[in-house]
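What follows is a set of notes on a single structure, which appears directly below.
Every value quoted in this text rests on a predicted model; they were computed, and no experiment measured them.
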Amino acid sequence: MDKGSTAPDFDYTEFDLPEIKDIKAGFSGATMDKKTGMVLLTASVENTPNAYDDGEVLGSFIGMFTMEDEKINPSGSWVRIENLNSPLKIESVTIDKKNREGDLDIILVSDSDGGRSQLLKANLRY
């Protein structure tokens with residue numbers, strides 16, 4: 001933008017993000033299936049006073065939403081991503097393959113905050 005110019009108008013959508021231990025999740029990633037209009041969002045929870053500092057990872061969620069009239073409908077649903085060993089901080093998601101209606105193979109990537117991050121393959125049924 002040039003000095004003195006104004007920012008363009010923009011639309012936004014408010015979401016009710018899930019919580020763990022009374023700490024709200026923060027968005028971390030997204031992908032969209034253009035054919036169906038389904039939007040997958042990831043959100044993670046860290047025990048930290050702000051969105052910038054790393055803290056104890058409490059867990060992550062994947063959200064399933066739809067597009068309507070070129071806008072995301074915020075009344076989708078969130079599912080917690082469970083891990084047997086320790087909570088994961090999921091940074092993003094992509095669709096690997098559509099198996100059939102309501103059944104997707106997805107790929108998730110985690111952020112270990114300085115350790116080894118992981119690429120995870122999962123199946124999502126909705």
Side-chain angles (χ1 to χ4, degrees):
M1 246 189 320
D2 294 331
K3 186 177 180 179
S5 64
T6 59
D9 290 337
F10 62 92
D11 284 333
Y12 66 93
T13 301
E14 290 187 36
F15 284 84
D16 185 24
L17 292 166
E19 299 179 1
I20 300 174
K21 296 183 180 178
D22 294 325
I23 301 172
K24 283 262 190 206
F27 285 117
S28 56
T31 193
M32 180 180 172
D33 179 358
K34 290 181 183 179
K35 284 186 180 179
T36 64
M38 175 186 278
V39 178
L40 299 178
L41 303 173
T42 55
S44 297
V45 180
E46 289 185 85
N47 191 3
T48 181
N50 59 55
Y52 305 104
D53 294 327
D54 290 331
E56 174 192 8
V57 175
L58 300 180
S60 294
F61 298 86
I62 187 163
M64 294 161 277
F65 300 86
T66 57
M67 293 291 289
E68 296 173 8
D69 298 323
E70 297 185 15
K71 289 185 147 191
I72 192 166
N73 180 347
S75 63
S77 62
W78 292 99
V79 176
R80 187 160 176 184
I81 298 169
E82 299 294 338
N83 186 36
L84 298 176
N85 299 323
S86 62
L88 293 170
K89 183 167 88 170
I90 298 298
E91 288 294 317
S92 200
V93 59
T94 192
I95 298 169
D96 185 34
K97 181 174 78 171
K98 286 184 263 184
N99 299 314
R100 59 188 169 278
E101 183 65 32
D103 187 348
L104 299 173
D105 288 339
I106 59 174
I107 298 174
L108 304 162
V109 63
S110 73
D111 176 5
S112 64
D113 291 338
R116 296 188 83 180
S117 295
Q118 299 176 0
L119 187 69
L120 307 161
K121 291 188 176 193
N123 181 258
L124 180 64
R125 292 187 184 136
Y126 56 96

Would a 4.5 Å heavy-atom cut-off, applied to side chains only, mark [X] and [Y] as touching?
| X | Y | answer |
| --- | --- | --- |
| Pro87 | Leu58 | no |
| Phe61 | Leu17 | no |
| Leu40 | Met64 | yes |

Closest contact, heavy atoms only, [X] versus [Y]:
| X | Y | result |
| --- | --- | --- |
| Ser117 | Asp111 | OG-CA, 3.7 Å |
| Val39 | Leu41 | CG1-CD2, 3.8 Å |
| Ser28 | Ser44 | OG-OG, 4.0 Å |

Sort and list the pairs that fulfil ring-ring contact (aromatic ring centres under 6.0 Å, His included) and have at least one residue in [range], not counting sequence neighbours.
| range | result |
| --- | --- |
| residues 63-119 | Phe15-Phe65, Phe65-Trp78 |
| residues 96-126 | none |
| residues 85-110 | none |

Take Ile95 and Met38 through the test side-chain contact (heavy atoms from CB on, under 4.5 Å) and record every step on the way to the result.
CA-CA 11 Å; Ile95 298 169; Met38 175 186 278; 5.7 Å; no

Assess the residue pair Asn47 and Lys21 against the criterion (side-chain contact (heavy atoms from CB on, under 4.5 Å)); give the C-alpha distance rounded to whole Å, side-chain angles, the decisive distance to 0.1 Å, and a yes or no.
CA-CA 9 Å; Asn47 191 3; Lys21 296 183 180 178; over 6 Å; no

Looking at residues at least two apart in the chain, or sitting in another chain, which of them share a side-chain contact (heavy atoms from CB on, under 4.5 Å) with [X]?
| X | result |
| --- | --- |
| Asp103 | Asn99, Arg100, Asn123, Arg125 |
| Leu120 | Leu88, Ile90, Leu108, Gln118 |
| Thr66 | Glu68, Asn73 |
| Thr94 | Thr31, Ile107 |

My understanding is that only residues two or more places apart in sequence, or in another chain, count here; which of them pass side-chain hydrogen bond (donor to acceptor under 3.5 Å, both in side chains) with Asp33?
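With sequence neighbours excluded, Asp33 shows a side-chain hydrogen bond (donor to acceptor under 3.5 Å, both in side chains) to Thr36, Lys98, given in chain and number order.
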
List the residues meeting side-chain hydrogen bond (donor to acceptor under 3.5 Å, both in side chains) with Ser110, not counting sequence neighbours, and say none if there are none.
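Counting only residues at least two positions away or on another chain, Ser110 forms no side-chain hydrogen bond (donor to acceptor under 3.5 Å, both in side chains).
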
What is the distance from atom CD of Glu91 to atom CZ of Phe27, rounded to the nearest 0.5 Å?
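One finds 14.0 Å between CD of Glu91 and CZ of Phe27.
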
If you round to the nearest 0.5 Å, how far is NZ of Lys121 from CG of Asp96?
5.5 Å

State which residues pass salt bridge (charged side-chain N to carboxylate O under 4.0 Å, His left out) with [X]; sequence neighbours excluded, sorted by chain then number.
| X | answer |
| --- | --- |
| Lys24 | Asp16, Glu19 |
| Asp54 | Lys89 |
| Arg116 | none |

Step-by-step side-chain contact (heavy atoms from CB on, under 4.5 Å) determination, Ile72 to Met32:
CA-CA 10 Å; Ile72 192 166; Met32 180 180 172; over 6 Å; no

Test your reading of the model: is there a side-chain donor-acceptor pair from Ser60 to the backbone of Ile81, 3.5 Å cut-off?
no

